[in-house]
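These figures come from a predicted structure and were not determined experimentally.
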Amino acid sequence: IGGILAFGKNPQRYFPSYNIMCGAYGGNDFLSDTIRENELTGTLDQLIEDAMAFLKLTIPQRQVIERDIQRKCEYLYPVEAIREGIVNAVCHRDYTITGATVRIFVFGDRMEIRSPGSLPNTLTVENMLYRQFTRNQMIASFLSGYGYMERRGKGILRMRRLCEENGINFTLALTPDKSEFVVTFGMDDVRG
């Protein structure tokens, strides 16, 4: 499976749910107006790149004045933290669950990255900040070789720090039925 996902010409031909579903909504839930939706397909690296492209077109921005003269747009969410969340979702999702896909949602007050499956082995939401575990060794090796990850177990700590530095709420959770791992970037305290 890993070889097809990393190097296949059309991996979703064989594994239709190993894609990323993206959606952006005008309000704070799925019932709000749809701004943009997209189903991303391709190899692992294409999925990551296309997800980042979708989000850069979709996530809110604010204008700041640089050097007291030049106007510049900045994303409200730290792009490096978002990239880390997407890479983690693609790498660590439970590929034994068919019919479920990585899902990324942008709402008015938050952004969510949802990855199929519960946490593996002895990992918990509480201890995962300080532990390293790779569910999919071959996929992690491929993504590491292509420069998408380091495999040192620092990604979630880096995401949390970047969010704190930018005034973004950062939470990790499992859905009540433990079928998805959810990374949430919240804008409760951000004024743009």
Could you label the plane-to-plane angle of the Y25 and F105 rings as parallel, tilted or perpendicular, counting under 30° as parallel and over 60° as perpendicular?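 Judged by the thresholds at 30° and 60°, the geometry between Y25 and F105 is tilted.
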
Would you call the rings of F142 and F7 parallel, tilted or perpendicular, where under 30° means parallel and over 60° means perpendicular?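 Aromatic pair F142/F7 classed perpendicular.
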
Looking at R103 and E112, is any side-chain nitrogen of the basic one under 4.0 Å from a carboxylate oxygen of the acidic one?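 No, no charged N to carboxylate O under 4.0 Å.
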
Ignoring hydrogens and angles, tell me if any N or O in the side chain of [X] forms a donor-acceptor pair with the backbone of [Y] under 3.5 Å.
{"X": "N166", "Y": "I168", "value": "no"}
{"X": "N121", "Y": "L123", "value": "no"}
{"X": "T124", "Y": "N127", "value": "yes"}

Side chain to side chain donor-acceptor pair (under 3.5 Å) between Q46 and T43, intermediate numbers included: CA-CA 5 Å; Q46 290 170 327; T43 57; 3.2 Å; yes

Quick one: pull up SG in C91 and CE in M149 and give me the separation to the nearest 0.5 Å.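 With rounding to 0.5 Å, SG (C91) is 4.0 Å from CE (M149).
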
Say you draw a straight line from CD1 of I1 to CZ of F15; how long is it, rounded to the nearest 0.5 Å? 4.5 Å

Give the C-alpha distance, both sets of side-chain angles, the deciding distance and a yes or no for side chain to side chain donor-acceptor pair (under 3.5 Å) between T41 and N19. CA-CA 5 Å; T41 60; N19 60 356; over 6 Å; no

Are F107 and F30 close enough that their ring centers fall under 6.0 Å? yes

Does R135 make a cation-pi contact with F133 (under 6.0 Å, within 45 degrees of the axis)?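 Not flagged: R135 not positioned over aromatic ring of F133.
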
Do Y148 and E49 have a side chain donor and acceptor closer than 3.5 Å?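 Looking only at side-chain atoms, E49 and Y148 do form a donor-acceptor pair, the distance falling under 3.5 Å.
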
Say whether T184 and R110, considering side chains only, have a donor N or O and an acceptor N or O under 3.5 Å apart.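 No, no side-chain donor-acceptor contact under 3.5 Å.
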
